[in-house]
2 protein chains.
Amino acid sequence: MKYEVDLTQMCPATFAFHVIGGKWNLPILALLSEEGPIRYNELKRRLNGITGTTLTNCLKDLIDYGIIHREQYHEVPPRVEYSLTPSGQELVPLIEEIVAWGANNIHALGGQKV
Amino acid sequence: MKYEVDLTQMCPATFAFHVIGGKWNLPILALLSEEGPIRYNELKRRLNGITGTTLTNCLKDLIDYGIIHREQYHEVPPRVEYSLTPSGQELVPLIEEIVAWGANNIHALGGQKV
DNA sequence: ATACCTGGTATATAAAATATACTAATGGAG
DNA sequence: CTCCATTAGTATATTTTATATACCAGGTAT
């Protein structure tokens, strides 16, 4: 999501919603929190259905937000690892609570398709 | 977000990410948690920038997810109030933690535009 | 030589969000 | 009575976002 606004100027709630909102941000953060430093292609394989373009864009956004870190190793084939920054690590318990909420509430609905 | 899948069949984490992912779902839920039952047009006014079409779609999705409830009163002009279901109310503390995280981490980044 | 790996990018298409105009039923101002 | 405003949306067209597909360099394995 691109907004062309100065993040530090906006309301903290809006900032937080930008970081964890969006279709792929939360799945990416959940994987990073479980799998520690993880490479671009493995991230793509584990995030069922994401395309390379979208993954690249999301990772760039999260780096701009200060949530994840990109470490590039000069090897062949290339190796680039993504991991959580301290700010990102503070999100981990929240992500776990969100997943727990999902487990407790998924059975509350009927079998309709959405 | 439309997925054409049976929600009860999917992974709890994926379910949770569908509920709170998306551009507007979390802002909508935050408003509902703060303002109790709230009408369509006031919701639209308070969610700065959302359009009627998008708000309607988001509300329908959240109803399908079992997170919010729609109560229609047969008055003129029409009155329709939206509120959290018990499943939705269980999300309230998580939303508060997310906002608190935003307040603690927004100053970690420089003033770049994103 | 050929195929395959990596972390991407470029281009074109499909999907989602937006802007705009519009609706029915009523109440109030003039 | 007429005109305008209110409500909760819907219909249509346009713009923005996400996806599918092909492709790149620089190496390794067969």
Side-chain angles (χ1 to χ4, degrees), chain A residues 1-5 14 17-29 31-32 35-65 68-83 113-114, chain B residues 1-5 14 17-29 31-32 35-65 68-83 113-114:
Chain A
M1 295 193 283
K2 281 274 162 269
Y3 297 91
E4 286 304 330
V5 292
T14 307
F17 296 163
H18 282 195
V19 170
I20 68 167
K23 183 167 178 177
W24 291 106
N25 287 12
L26 219 29
I28 288 170
L29 293 172
L31 254 180
L32 285 173
E35 306 294 324
I38 182 170
R39 301 173 70 169
Y40 176 88
N41 267 354
E42 190 175 348
L43 212 36
K44 194 168 111 180
R45 272 190 295 271
R46 306 278 298 261
L47 292 164
N48 221 280
I50 199 169
T51 59
T53 315
T54 303
L55 178 56
T56 301
N57 289 339
C58 289
L59 291 171
K60 278 178 186 161
D61 288 348
L62 290 169
I63 290 168
D64 286 344
Y65 294 151
I68 66 175
H69 172 73
R70 179 182 188 275
E71 188 73 45
Q72 180 170 3
Y73 299 89
H74 295 286
E75 301 174 3
V76 167
R79 181 159 64 104
V80 177
E81 286 184 346
Y82 293 91
S83 56
K113 310 236 181 211
V114 291
Chain B
M1 295 193 281
K2 282 274 161 270
Y3 297 92
E4 288 305 328
V5 292
T14 307
F17 296 163
H18 283 196
V19 170
I20 68 168
K23 182 168 180 176
W24 291 105
N25 287 13
L26 220 26
I28 289 170
L29 294 172
L31 253 180
L32 286 173
E35 307 294 324
I38 182 170
R39 300 173 70 170
Y40 176 88
N41 267 357
E42 190 176 346
L43 212 37
K44 193 168 111 179
R45 272 190 296 270
R46 305 279 298 261
L47 292 164
N48 220 280
I50 199 170
T51 59
T53 315
T54 303
L55 177 56
T56 302
N57 288 339
C58 288
L59 291 172
K60 278 179 186 160
D61 288 349
L62 289 169
I63 290 167
D64 286 344
Y65 294 152
I68 67 175
H69 172 73
R70 178 182 187 275
E71 188 72 45
Q72 180 170 4
Y73 300 89
H74 294 285
E75 300 174 5
V76 167
R79 182 159 63 103
V80 177
E81 287 183 346
Y82 293 90
S83 56
K113 308 233 181 212
V114 291

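Chain identifiers are assigned alphabetically (A, B, ...) following the order of the sequence lines, protein sequences preceding nucleic acid strands; residue numbering begins at 1 within each chain.
- Taking atom CD of B:E42 as the reference point, atom P of D:dT7 lies 10 Å away to the nearest angstrom.
- Counting atom types as modelled, B:T54 pairs no side-chain N or O with a base atom of C:dA16 as donor and acceptor under 3.5 Å.
- In this entry the distance linking CD1 of B:I38 with C1' of D:dA8 reads 14 Å, nearest Å.
- Of the two residues contacting DNA chain D, namely A:T51 and A:P77, the nearest-nucleotide position lying further toward the 5' end is that of A:T51.
- Remark: A:R70 is in phosphate contact with C:dG8, judged by side-chain N or O atoms under 4.0 Å from OP1 or OP2.
- Summarising the geometry, the separation between CG on B:L55 and C1' on D:dG9 is reported as 10 Å, rounded to the nearest angstrom.
- In this entry the distance linking CD of B:E75 with P of C:dG27 reads 11 Å, nearest Å.
- Distance CG (A:N48) to C1' (D:dT19): 15 Å, rounded to an integer number of Å.
- A close approach under 4.0 Å does not occur between any side-chain nitrogen or oxygen of A:R79 and OP1 or OP2 of C:dG7.
- A donor-acceptor contact under 3.5 Å is formed by the side chain of B:T53 with the base of D:dA11.
- Contact record, B:I63 with B:R70: CD1-CB, 3.8 Å, taken as the closest heavy-atom pair.
- Judged purely by atom type and a 3.5 angstrom limit, B:T56 uses its side chain to pair as donor or acceptor with the backbone of B:G52.
- Distance B:L59 CG to C:dA17 P: 13 Å, rounded to the nearest Å.
- B:Y73 approaches B:E81 most closely through the heavy-atom pair OH-OE1, 3.5 Å.
- Atom pair B:D61:CG and C:dA15:C1' shows a separation of 14 Å (rounding to whole Å applied).
- Closest approach of A:V80 to A:Q72, counting heavy atoms only: CG2-CG, 4.1 Å.
- In this model, the phosphate group of C:dT9 is approached by a side-chain N or O of A:K60 to a distance below 4.0 Å at OP1 or OP2.
- Considering only side-chain N and O atoms, A:Y82 lies under 4.0 angstrom from the phosphate OP1 or OP2 of C:dG8.
- Contact annotation: B:R39 side-chain N/O to D:dT7 OP1/OP2 distance is not under 4.0 Å.
- Considering only side-chain N and O atoms, A:W24 lies nowhere under 4.0 angstrom from the phosphate OP1 or OP2 of D:dT17.
- Under the 3.5 Å distance criterion, the side-chain polar atoms of A:Y82 are left unmatched by any main-chain donor or acceptor of A:G36.
- Among the nucleotides D:dA11, C:dT6, D:dG9, the one closest to any side-chain atom of A:N41 is C:dT6.
- Between A:I50 atom CD1 and D:dA20 atom C1' the separation is 14 Å, expressed in whole Å.
- Note on A:K44: nothing from the nucleic acid sits closer than 4.0 angstrom, heavy atoms only.
- Taking every side-chain heavy atom of A:T56 into account, C:dG8 is the closest of C:dT6, D:dT10, C:dG8.
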